[in-house]
K.L.:
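My questions all concern the structure below.
Counting starts at 1 for both ligands and their atoms, following the listed order. Just so you know, these numbers come straight off a predicted model, no measurement behind them.
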Amino acid sequence: MPFTKLQLSSTFQKTLKEKAFLKPTPIQEAVIPLVFEGKDIVAQAQTGSGKSASFVLPLLELWSQKRDTAKKGKIKILVLTPTRELTLQVAEVFEDFSKNLEKKPQIVHLIGGKGIGDQIYKIQQGCDILVATSGRFLDVFSKKQMDLSHLEYFVLDEADKMLNLDFTQELDLVLDVLPQKRHNLLFSATYPKKMQDIVAKIMHNPVVISVGDQATVESIKQRVIEVNAHNRAPLLRHLLKKHQWRLVLVFMANKRATDNIAQKFRKHGINAASFNADLEQDVRNETLQAFKEGKVNVLFATDIAARGLDIESVDCVVNYDLPRSPADYIHRIGRTARAGKSGEALSFIDYETQAHFKLIEKRSNIKLARESIEGFVLVGKAPKQAKGSAPIKGKGKSKKDKLREKLRKEKECK
Ligand code: AMP
């Protein structure tokens with residue numbers, strides 16, 4: 001796709017040409033349109049993927065379209081980064097892409113190690129775009145010299161690197177001072193559990209994009225198999241016989257089910273085990289070790305237990321039950337094809353779950369062909385759609401989201 005397809009005005013097209021950016025990188029192709037759509041975004045992207053331009057370009061475009069006529073700039077865009085170097089780098093990218101604009105934004109960067117007075121003075125002179133390390137940002141903010149009431153866009157860059165810097169506490173303070181109504185963009189090379197907590201604090205229902213590990217995701221053969229729910233276990237046994245997979249990780253929705261099915265598979269002579277949060281830590285360690293050594297071939301696991309599992313050579317991941325969110329889908333299938341190896345990821349769907357899978361595809365920017373396996377073909381009829389759209393699992397608010405919303409509202413009322 002050329003840059004011309006990305007709704008960027010001729011001024012930016014010109015700058016892109018001058019910089020010899022011929023076509024967008026995958027992260028730019030995914031992020032730029034979503035920023036224009038006003039979506040909250042969580043993007044998993046590595047340094048070097050072109051992520052800076054993926055937010056700088058559309059934010060500058062939106063800023064220049066909407067800029068008001070006031071002489072003094074108001075802070076509309078805030079970017080927080082984990083390091084001084086990255087702060088300077090991002091500010092430079094903003095400067096660089098602004099160079100052909102008729103009216104240029106005032107870009108201020110805040111970093112430690114430099115006189116705070118000068119930085120405050122610059123903000124007071126007018127600032128449209130503020131790029132800062134979180135520590136210095138809070139220092140300046142505590143001096144009550146910064147008006148954030150006009151802020152529209154909040155960007156966290158390389159957010160996973162901030163996790164190490166006691167950032168979680170700082171983030172709470174930052175969020176307290178930002179307007180509730182704003183757009184949020186978060187970039188992170190990895191997506192550990194702690195990051196998901198941070199995402200939940202900052203935004204609701206973000207679009208999750210993953211291109212960081214693209215080579216890996218591309219080397220996963222993703223398949224979707226239509227099968228009736230009661231036929232999933234026989235189909236899985238059939239597939240295990242047919243394929244030469246050594247290690248298969250099967251994801252299920254609930255803990256009891258992982259125990260039950262593992263037991264049934266063992267009765268069929270398959271080296272299977274369950275892995276869930278109810279098991280004693282010792283048992284979990286032993287099971288994992290046995291799986292890594294190939295003494296257990298099929299591991300039935302829940303998401304919680306499997307998060308952060310680092311097993312290099314899982315041959316196949318099976319979504320026996322579909323994951324709740326697109327982020328979980330990417331996380332699950334990422335357990336295979338690690339360290340340059342290839343792998344397969346199968347998802348079982350039926351009439352009940354097809355709408356949910358479509359949503360996962362849409363949000364993950366994928367489209368997969370539906371397969372049927374002889375002897376296990378999906379039978380029956382699709383349930384009649386009730387008037388209006390049917391509720392889709394994962395699309396509505398979860399209990400946790402509702403609780404968070406309630407707590408936030410309570411906080412606002414105080
Ligand atoms: P980043 O991941 O944002 O740090 O960008 C990494 C490098 O890629 C920087 O030197 C950018 O100037 C360059 N870059 C970003 N996007 C493109 C593009 N579409 N075409 C060519 N180079 C790019």
K.L.:
Can you confirm, on distance only, whether ligand 1 has an N/O atom lying under 3.5 Å from any N/O atom belonging to G50?
P.N.:
yes
K.L.:
Closer than 4.0 Å to some heavy atom of S52 - which atoms of ligand 1 meet that?
P.N.:
1 (P), 3 (O), 4 (O)
K.L.:
Give a yes or no answer on whether the side chain of N254 reaches the backbone of A257 with a donor-acceptor pair at less than 3.5 Å.
P.N.:
yes
K.L.:
Under 6.0 Å between the ring centres of F265 and F300?
P.N.:
yes
K.L.:
Check each heavy atom of F3 against ligand 1 and say whether those closer than 4.0 Å belong to the side chain, the backbone, both or neither.
P.N.:
side chain
K.L.:
When K51 is tested against each of E158, Q28, Q44 for side-chain hydrogen bond (donor to acceptor under 3.5 Å, both in side chains), which residue passes?
P.N.:
E158
K.L.:
At a non-hydrogen distance cut-off of under 4.0 Å, which region of K19 contacts ligand 1 (side chain, backbone, both, or neither)?
P.N.:
neither
K.L.:
Can you check which of F187, F55, F21 brings a heavy atom nearest to atom 21 (C) of ligand 1?
P.N.:
F21
K.L.:
Enumerate the atoms of ligand 1 whose separation from the nearest heavy atom of K51 is less than 4.0 angstrom.
P.N.:
1 (P), 2 (O), 3 (O)
K.L.:
Any side-chain to backbone donor/acceptor pair from E344 onto V317? Under 3.5 Å, distance only.
P.N.:
no
K.L.:
Considering only NZ, NE, NH1 and NH2 on the basic side and carboxylate oxygens on the acidic side, decide whether D96 and K19 come within less than 4.0 Å.
P.N.:
yes
K.L.:
Should the pair R232-D321 be classified as a salt bridge under the 4.0 Å nitrogen-to-oxygen rule?
P.N.:
yes
K.L.:
Show me which atoms of ligand 1 lie under 4.0 Å from any heavy atom of K23.
P.N.:
18 (C), 19 (N), 20 (N)
